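Quick note: numbers below take in every heavy atom, side chains included, and nothing from hydrogens, waters or symmetry partners. Predicted model only: the values in this text are computed from it and were never measured.
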Amino acid sequence: MPTMDKIRLDEEHRYWREVGGGEVRVPGFTEICKASGFPDNPHWTEEGKAEGIALHKWLLFLAQGGDFDSVYPPHESIAERVEGIRKFLKDHDFEFVGGETKLYHAGLGFCCTPDLHGFLDGTAAVVEMKGGARMKRHRLQTAAQALALAENGFNASRRIGLYLKDGDYTPEEHDDDEDFECWKAIVAGYFAVEAYK
């Protein structure tokens, strides 16, 4: 993969891109969706946010071949979902390339952070893990991630939503190419509105 831009995510989940010794704000996936009128997740809580951060750390650790038995067990609030991650990785051949990598798409002007990307059962894929319910916008999220990965040298031909629950998982293939065109239109609309503010 080519050298990636230096991207920072602040405590308010805003992206900053290093440019010429300074930083420039760049909108991220969630920020663009919110500005475009997508409703907030009705099930979002501070506790859920903390659990999500912990689950993503477990996903990254296990996907890189981390030895589950060599560390403290996960907190009971996420233990069943961590088991779902373990089961997914046991059931599939996953070759880790990267995870939690902050990416900038220069052509469209947005940032995102894919959970995982690598080779799933021999095919280049981006995997977006979710500890809660499915939402239609998850398809847009993996489309945005696949576009940003491609611009940075990794061409994911599969987009997977990985839904965790009760010690198991459900993978959902995001295989509708219209997701890409819809995301591009949403980003273009976001910048059009910003230009007139």
*Asks:* Can you tell whether the side chains of K197 and E194 come within less than 4.0 Å, N to carboxylate O?
*Replies:*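 Salt bridge between K197 and E194, a charged N being under 4.0 Å from a carboxylate O: yes.
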*Asks:* With R159, which of D175, D179, D177 fulfils salt bridge (charged side-chain N to carboxylate O under 4.0 Å, His left out)?
*Replies:*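 Considering D175, D179, D177, a salt bridge (charged side-chain N to carboxylate O under 4.0 Å, His left out) with R159 is found only for D179.
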*Asks:* Could you state the interatomic distance from CZ (F180) to CG (L140), rounded to the nearest 0.5 Å?
*Replies:*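 The CZ atom of F180 sits 10.5 Å away from the CG atom of L140.
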*Asks:* For the pair T101 and H117, evaluate side chain to side chain contact (heavy atoms under 4.5 Å, CB included) and give the outcome as yes or no after the intermediate values.
*Replies:* CA-CA 9 Å; T101 306; H117 61 282; 3.9 Å; yes
*Asks:* According to a 4.5 Å side-chain heavy-atom criterion applied to Ile, Leu, Val, Met, Phe, Trp and Tyr, with indirect links allowed, do L147 and V126 form part of one hydrophobic cluster?
*Replies:*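 Looking at the clustering, V126 is in a separate group from L147.
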*Asks:* Nearest 0.5 Å, please: how far is CG in L162 from CG in D115?
*Replies:*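 Going from CG on D115 over to CG on L162, the span is 9.0 Å.
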*Asks:* Over all heavy atoms of both residues, which pair between L62 and V82 is shortest? Give the atoms and the distance, please.
*Replies:*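 Minimum heavy-atom separation between L62 and V82: CD1-CG1, 4.2 Å.
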*Asks:* Could you tell me which non-hydrogen atom of P73 sits nearest to which non-hydrogen atom of W58, and how far apart they are?
*Replies:*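 For P73 and W58, the tightest heavy-atom pair comes out as C-CZ2, 4.1 Å.
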*Asks:* Measure from the side-chain N and O atoms of H56 to the backbone N and O of I53, and report whether any donor-acceptor pair falls under 3.5 Å.
*Replies:*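 Checking the backbone N and O of I53 against the side chain of H56, no donor-acceptor pair under 3.5 Å is found.
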*Asks:* Ignoring hydrogens and angles, tell me if any N or O in the side chain of H92 forms a donor-acceptor pair with the backbone of F94 under 3.5 Å.
*Replies:*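 No: the side chain of H92 does not pair with the backbone of F94.
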*Asks:* Only counting residues at least two apart or in another chain, list the ones meeting salt bridge (charged side-chain N to carboxylate O under 4.0 Å, His left out) with D168.
*Replies:*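 Partners of D168 under the salt bridge (charged side-chain N to carboxylate O under 4.0 Å, His left out) test: K87.
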*Asks:* For the residue pair A150 and N155, what are the closest heavy atoms and their distance?
*Replies:*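 What the structure gives for the nearest pair is CB-OD1, 3.3 Å.
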*Asks:* Quick one, E31 with Y15, criterion side chain to side chain contact (heavy atoms under 4.5 Å, CB included). Give me CA distance, side-chain angles, the key distance, then yes/no.
*Replies:* CA-CA 10 Å; E31 183 177 355; Y15 288 94; 5.8 Å; no
*Asks:* So how far is it from L9 CG to W16 CH2, rounded to the nearest 0.5 Å?
*Replies:*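 Here the rounded value is 11.5 Å.
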*Asks:* So E151 and L108, side chain to side chain contact (heavy atoms under 4.5 Å, CB included) or not? Walk me through it.
*Replies:* CA-CA 10 Å; E151 179 143 311; L108 295 174; over 6 Å; no
*Asks:* Return the CD to CG distance between Q64 and L60, rounded to the nearest 0.5 Å.
*Replies:*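 Atom-to-atom, Q64:CD and L60:CG are 4.5 Å apart.
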*Asks:* Where the side chain of Q145 meets the backbone of C112, is there a donor-acceptor pair that is under 3.5 Å apart?
*Replies:*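 No.
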*Asks:* Any chance you could measure E51, atom CD, to R81, atom CZ, to the nearest 0.5 Å?
*Replies:*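 Those atoms lie 4.5 Å apart.
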*Asks:* Under a 4.0 Å N-O cut-off, is there an ion pair linking R8 with E18?
*Replies:*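 Salt bridge between R8 and E18, a charged N being under 4.0 Å from a carboxylate O: no.
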*Asks:* Quick one: are L103 and L149 in side-chain contact, heavy atoms under 4.5 Å?
*Replies:*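 They are in side-chain contact.
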*Asks:* Could you tell me whether E172 and K130 have a side-chain N and a carboxylate O separated by less than 4.0 Å?
*Replies:*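 Answer for the salt bridge query: no.
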*Asks:* Would you name the heavy atoms of S157 and T123 that are closest together and state the gap between them?
*Replies:*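 Of all heavy-atom pairs spanning S157 and T123, the closest is OG-CG2, 3.1 Å.
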*Asks:* Should M129 and L164 count as side-chain neighbours, where that means a heavy-atom distance under 4.5 Å?
*Replies:*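 Yes, their side chains come closer than 4.5 Å.
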*Asks:* Given side chain to side chain contact (heavy atoms under 4.5 Å, CB included), test L116 with I160 step by step and report yes or no.
*Replies:* CA-CA 10 Å; L116 283 181; I160 309 293; over 6 Å; no
*Asks:* Taking all atoms of both residues into account, what is the closest heavy-atom pair of F154 and A124, and its distance?
*Replies:*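 The answer is CZ-CB, 3.7 Å.
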*Asks:* Quick one: salt bridge (charged side-chain N to carboxylate O under 4.0 Å, His left out) partners of E100, sequence neighbours excluded?
*Replies:*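 In terms of salt bridge (charged side-chain N to carboxylate O under 4.0 Å, His left out), with neighbours along the sequence ignored, E100 is linked to no residue.
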*Asks:* Quick check: F88 with Y163 (ring centres under 6.0 Å apart)?
*Replies:*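 No, too far apart.
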*Asks:* Do R25 and R14 have side chains that approach each other closer than 4.5 Å (heavy atoms only, starting at C-beta)?
*Replies:*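 Yes, close enough: below the 4.5 Å cut-off.
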*Asks:* Can you name the residues that form a salt bridge (charged side-chain N to carboxylate O under 4.0 Å, His left out) with R17, not counting sequence neighbours?
*Replies:*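 For R17, the residues satisfying salt bridge (charged side-chain N to carboxylate O under 4.0 Å, His left out) (neighbours in sequence not counted) are D5.
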*Asks:* May I ask you to decide if G122's main-chain N or O and D93's side chain share a donor-acceptor pair within less than 3.5 Å?
*Replies:*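 No, because the side chain of D93 does not come within donor-acceptor range (under 3.5 Å) of the backbone of G122.
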*Asks:* How long is the gap from CZ on F96 to CG on L120, to the nearest 0.5 Å?
*Replies:*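 The CG atom of L120 is 13.5 Å from CZ of F96, to the nearest 0.5 Å.
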*Asks:* Please say yes or no: joined through hydrophobic side-chain contacts below 4.5 Å, possibly via intermediate residues, are I32 and Y104 part of one cluster?
*Replies:*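 Not linked; separate clusters.
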*Asks:* Test of understanding: clusters of I, L, V, M, F, W, Y form through side-chain heavy atoms closer than 4.5 Å, transitively. Do V24 and F191 belong to the same one?
*Replies:*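 They do not share one cluster, since no chain of ILVMFWY contacts under 4.5 Å joins V24 to F191.
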*Asks:* For S36 versus Y190, what's the shortest heavy-atom pair and its separation?
*Replies:*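 Closest pair (atom of S36, atom of Y190, distance): OG-CB, 4.5 Å.
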*Asks:* Is it true that F38 and F110 fall in one hydrophobic cluster, defined by side-chain heavy atoms closer than 4.5 Å?
*Replies:*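 Same cluster.
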